[in-house]
Amino acid sequence: MKRSILPTIAHRLAILCYVAFALFPLFWLLKVSVTPNDLLYSEGVRLWPSRTTWDHYAFVLQHSAFPTFFKNSVIVATSTAVVVTVCASLSGYALSRFSFRAKYVIIALMLLTQMFPLVMLVAPIFKILSPLGLTNSLTGLVIVYTAFNVPFATFLMQSFFDGIPKDLEEAAMIDGATKFIAFRQIILPLTLPGIAATLGFVFTAAWSELLFALMLINGNAAATFPVGLLTFVSKFSVDFGQMMAAGIMALIPAALFFLLIQRYLVQGLTAGAVKG
Amino acid sequence: MASIQIEKLEKSYGHVSVLHGVDLNIEDGEFIVLVGPSGCGKSTLLRMIAGLEDVSRGEIRIAGNRVNDLHPKDRDIAMVFQSYALYPHMTVAQNMSYSLRLRKIAKEKIAAAVSAAASKLGLDPLLERRPKALSGGQRQRVAMGRAIVRQPKAFLFDEPLSNLDARLREQMRAEIKKMHGDLKATSIYVTHDQIEAMTLADRIVAMHGGVVQQVGSPLELYDRPANLFVAGFIGSPGMNFLAATYSAGSVILANGTRIALETVPALAPGESVTLGIRPEHVVVVNDGSGMQATVELVEPTGFGIILHLSLHGLPFKVFTLDRGALNYGSQISVRFPSQYLHLFDSSEERVA
Ligand SMILES: Nc1ncnc2c1ncn2[C@@H]1O[C@H](COP(=O)(O)OP(=O)(O)O)[C@@H](O)[C@H]1O
Ligand SMILES: [Mg+2]
């Protein structure tokens with residue numbers, strides 16, 4: 001059979017265009033971060049500066065509070081991702097497998113929480129956290145982020161659990177497993193792609209969250225990196241080079257994180273469970 | 001191995017009643033087949049025995065002990081699912097040994113049990129494979145293997161062969177029967193296929209609409225079906241039914257034909273009845289002495305021929321080994337030997 005090569009080429013080209021389009025801002029980030037300040041406005045729009053420098057990186061690492069922001073962000077994003085994923089695994093499993101009286105009320109309430117613009121909630125949340133001493137603290141941020149991410153993550157995990165045949169757990173129980181052992185030894189290993197996806201989703205959300213970080217934190221000690229980026233904006237100027245250098249460095253953990261979980265993101269682990 | 005008793009067992013989902021009081025006494029080592037059309041509650045009954053569904057009312061006893069409130073893991077029964085339900089992240093060997101590992105049995109004993117079961121089922125070369133790398137038939141064998149390594153009190157099967165092609169199904173059916181001969185394990189087998197039921201069962205439990213219709217050996221159900229449902233369900237092609245009226249030791253068909261009965265049933269003259277006769281028991285006669293019928297359709301099966309007849313406008317089937325030239329539209333005459341007649345009263349119960 002003769003296969004036309006034209007559709008293949010068109011297909012590849014379309015993908016290439018999309019990738020270029022999606023990655024261009026990242027490229028610009030990199031470009032500005034290595035452009036010396038004196039060339040930034042003098043060279044016009046060029047794809048690559050005539051001279052590059054690591055000065056911005058050195059400055060950000062040595063003379064700014066960026067390492068603190070960075071550390072705070074890692075702590076907040078990782079804790080949020082882990083706490084949310086553990087909660088969402090359990091609640092998603094419950095929604096997928098059990099029938100209980102308040103089930104649909106709970107689902108409706110969880111959907112409701114996703115409907116409000118977050119800005120509306122900033123003031124009440126500040127009011128709640130402040131007497132508890134949780135403003136200006138990373139713990140406070142983790143709590144708020146967890147609260148906002150659990151509903152969506154629960155639905156995400158529920159859909160992964162729904163994809164695993166109920167027969168498998170029943171077979172495990174007949175084989176002599178308790179409900180919990182069946183969950184841990186049979187269902188959980190099969191949900192690893194779902195868990196990885198949830199971890200990744202929540203981690204990125206928490207890593208780049210700005211609104212609450214800005215409102216609940218003041219001062220550098222507990223600021224996360226998105227807030228920290230704003231410190232490069234002063235009243236009279238924006239230090240683009242340093243800001244972009246910080247941005248590039250902030251991408252590294254997110255990239256590493258996805259590298260770590262990407263092998264679980266591969267689907268198809270449940271193939272062969274049932275039928276033929 | 002153990003006996004199983006089921007007493008007045010009922011199941012309802014909310015207001016929907018699915019089983020309406022099932023009584024069943026299963027002997028140690030017996031092979032019981034639950035058969036009935038789809039949706040009649042076979043799986044529900046099986047799953048209640050396994051402990052996967054709550055009991056609404058009634059009692060289940062395994063080896064004399066009430067198990068109503070026992071978790072499936074404590075009932076010591078094995079089950080083969082229609083979907084096989086193999087653990088996809090485990091190899092064949094791990095799938096088969098999972099129950100033994102949960103029971104913390106010594107490693108050497110597990111290895112011995114797995115390899116014994118594997119060689120019995122011809123799974124030796126596949127032990128290190130994952131389910132996804134197996135064919136449907138191989139998966140089915142692994143599901144069987146997972147059940148037999150354990151030597152449980154009883155085996156439960158829920159339509160285990162229905163995902164296989166016809167040839168493989170026949171082969172596995174024979175293997176299951178042979179295995180039961182070897183292991184003598186109490187088995188409950190659910191199927192909607194009456195051939196599977198007939199060939200496998202020590203006793204068949206025919207179910208319909210959540211009610212047990214008849215319990216008996218395959219030949220009992222074939223020879224003396226207790227009611228219209230069982231008569232129509234067992235046997236293929238299905239039994240012919242003709243509306244008739246009872247009249248002193250014989251029945252009169254709608255067209256006026258009088259057919260003498262062998263035994264005299266306890267019926268009042270004039271009562272309306274249903275006459276049943278299996279297609280394979282109808283005799284085709286050449287001397288013109290029987291009832292006239294028109295051939296509407298001829299279905300050769302190779303072994304014999306199924307004739308679809310019109311008997312005074314009523315559909316009627318005959319199975320015959322005679323390959324004679326019987327074509328569409330041709331006239332034949334048929335006779336009903338009286339020893340093969342079944343008679344059912346207006347409440348659909350067998351009377352003769
Ligand atoms: N979880 C359930 N909720 C409500 N009805 C159910 C449930 N499970 C089964 N049923 C009903 O019970 C009846 C019997 O089902 P089942 O035992 O699976 O039939 P079978 O195995 O004989 O085909 C069916 O009519 C089905 O609709
Ligand atoms: Mg069923």
Side-chain angles (χ1 to χ4, degrees), chain A residues 89 93-94 96-105 157 159-198 261-276, chain B residues 13-14 46-47 49-53 71-90 92 94-105 129-140 142-143 146-147 149-150 152 154-156 158 162-165 168:
Chain A
S89 301
Y93 181 77
S96 167
R97 288 297 197 264
F98 304 139
S99 59
F100 43 95
R101 209 171 307 156
K103 184 167 173 177
Y104 293 98
V105 179
M157 286 306 297
S159 71
F160 280 102
F161 286 122
D162 283 345
I164 296 174
K166 212 176 169 187
D167 282 3
L168 290 184
E169 283 158 286
E170 293 180 344
M173 289 199 287
I174 284 174
D175 269 351
T178 60
K179 207 153 196 154
F180 182 71
I181 288 183
F183 175 69
R184 220 191 55 207
Q185 298 186 348
I186 307 295
I187 303 306
L188 219 49
L190 297 174
T191 330
L192 280 182
I195 289 176
T198 309
I261 61 173
Q262 61 98 15
R263 113 186 142 90
Y264 298 105
L265 280 174
V266 181
Q267 278 294 346
L269 219 58
T270 51
V274 296
K275 289 200 185 163
Chain B
Y13 294 103
L46 197 73
R47 291 166 55 81
I49 297 170
L52 299 173
E53 300 281 350
H71 191 274
K73 76 180 168 63
D74 301 318
R75 296 193 184 193
D76 192 20
I77 35 96
M79 181 158 165
V80 178
F81 290 76
Q82 178 173 6
S83 66
Y84 313 146
L86 302 180
Y87 312 127
H89 58 306
M90 296 186 192
V92 168
Q94 288 167 339
N95 260 285
M96 284 167 64
S97 63
Y98 185 62
S99 59
L100 303 178
R101 285 184 280 138
L102 282 172
R103 283 175 179 70
K104 308 241 184 307
I105 294 185
R129 287 212 203 155
R130 295 276 167 91
K132 130 173 107 191
L134 300 176
S135 71
Q138 291 167 333
R139 286 178 198 174
Q140 212 283 328
V142 177
R146 195 166 64 177
V149 288
R150 284 176 47 188
F155 288 105
L156 309 181
D158 193 353
S162 57
N163 288 330
L164 302 179
D165 61 56
L168 208 50

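Within every chain, numbering begins at 1; the chains are lettered A, B, ... in the order of the sequence lines, protein sequences first and strands thereafter.
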Task: Interface residue of largest heavy-atom contact number with chain A, from B/Gln138, B/Arg146, B/Arg130, B/Arg75, under 4.5 Å - done: B/Arg146
TODO: Report the distance from atom CG of A/Asp175 to atom CZ of B/Arg103, rounding to the nearest 0.5 Å.
DONE: 7.5 Å
Open item on the list: Which residues pass the side-chain hydrogen bond (donor to acceptor under 3.5 Å, both in side chains) test with B/Arg101, not counting sequence neighbours?
Closed with: B/Ser97
Open item on the list: Can you give me the closest heavy-atom contact between B/Leu52 and A/Met173, atom names plus distance?
Closed with: CD2-CE, 4.3 Å
Open item on the list: For B/Leu102 versus A/Gly176, what's the shortest heavy-atom pair and its separation?
Closed with: CD1-C, 3.6 Å
Open item on the list: Tell me whether B/Tyr87 contacts the main-chain N or O of A/Gln185 through its side chain, where contact means a donor paired with an acceptor under 3.5 Å.
Closed with: no
Open item on the list: Report which part of A/Glu169 has an atom under 4.5 Å of a heavy atom belonging to chain B: side chain, backbone, both, or neither.
Closed with: neither
Open item on the list: Is there a side-chain contact between B/Arg47 and A/Glu170 in this structure, where contact means two heavy atoms from C-beta onward sitting under 4.5 Å apart?
Closed with: yes
TODO: First locate atom CD1 of A/Ile181, then atom NZ of B/Lys73, and finally report the distance between them rounded to the nearest 0.5 Å.
DONE: 8.0 Å
Open item on the list: Minimum heavy-atom separation for B/Tyr98 and A/Ala177, please, with both atom names.
Closed with: OH-CB, 4.1 Å
Task: Nearest atoms (heavy-atom pairs only) where A/Thr178 meets B/His71 - done: CA-CE1, 4.2 Å
Task: Listed partners of A/Asp162 passing side-chain hydrogen bond (donor to acceptor under 3.5 Å, both in side chains), at least two apart - done: A/Ser96
Open item on the list: Please check if the number of heavy atoms outside A/Phe98 that lie under 6.0 Å from its CZ is greater than 12.
Closed with: yes
TODO: Could you check if a side-chain atom of B/Arg150 sits within less than 4.5 angstrom of a side-chain atom of A/Ile174, using non-hydrogen atoms only?
DONE: yes
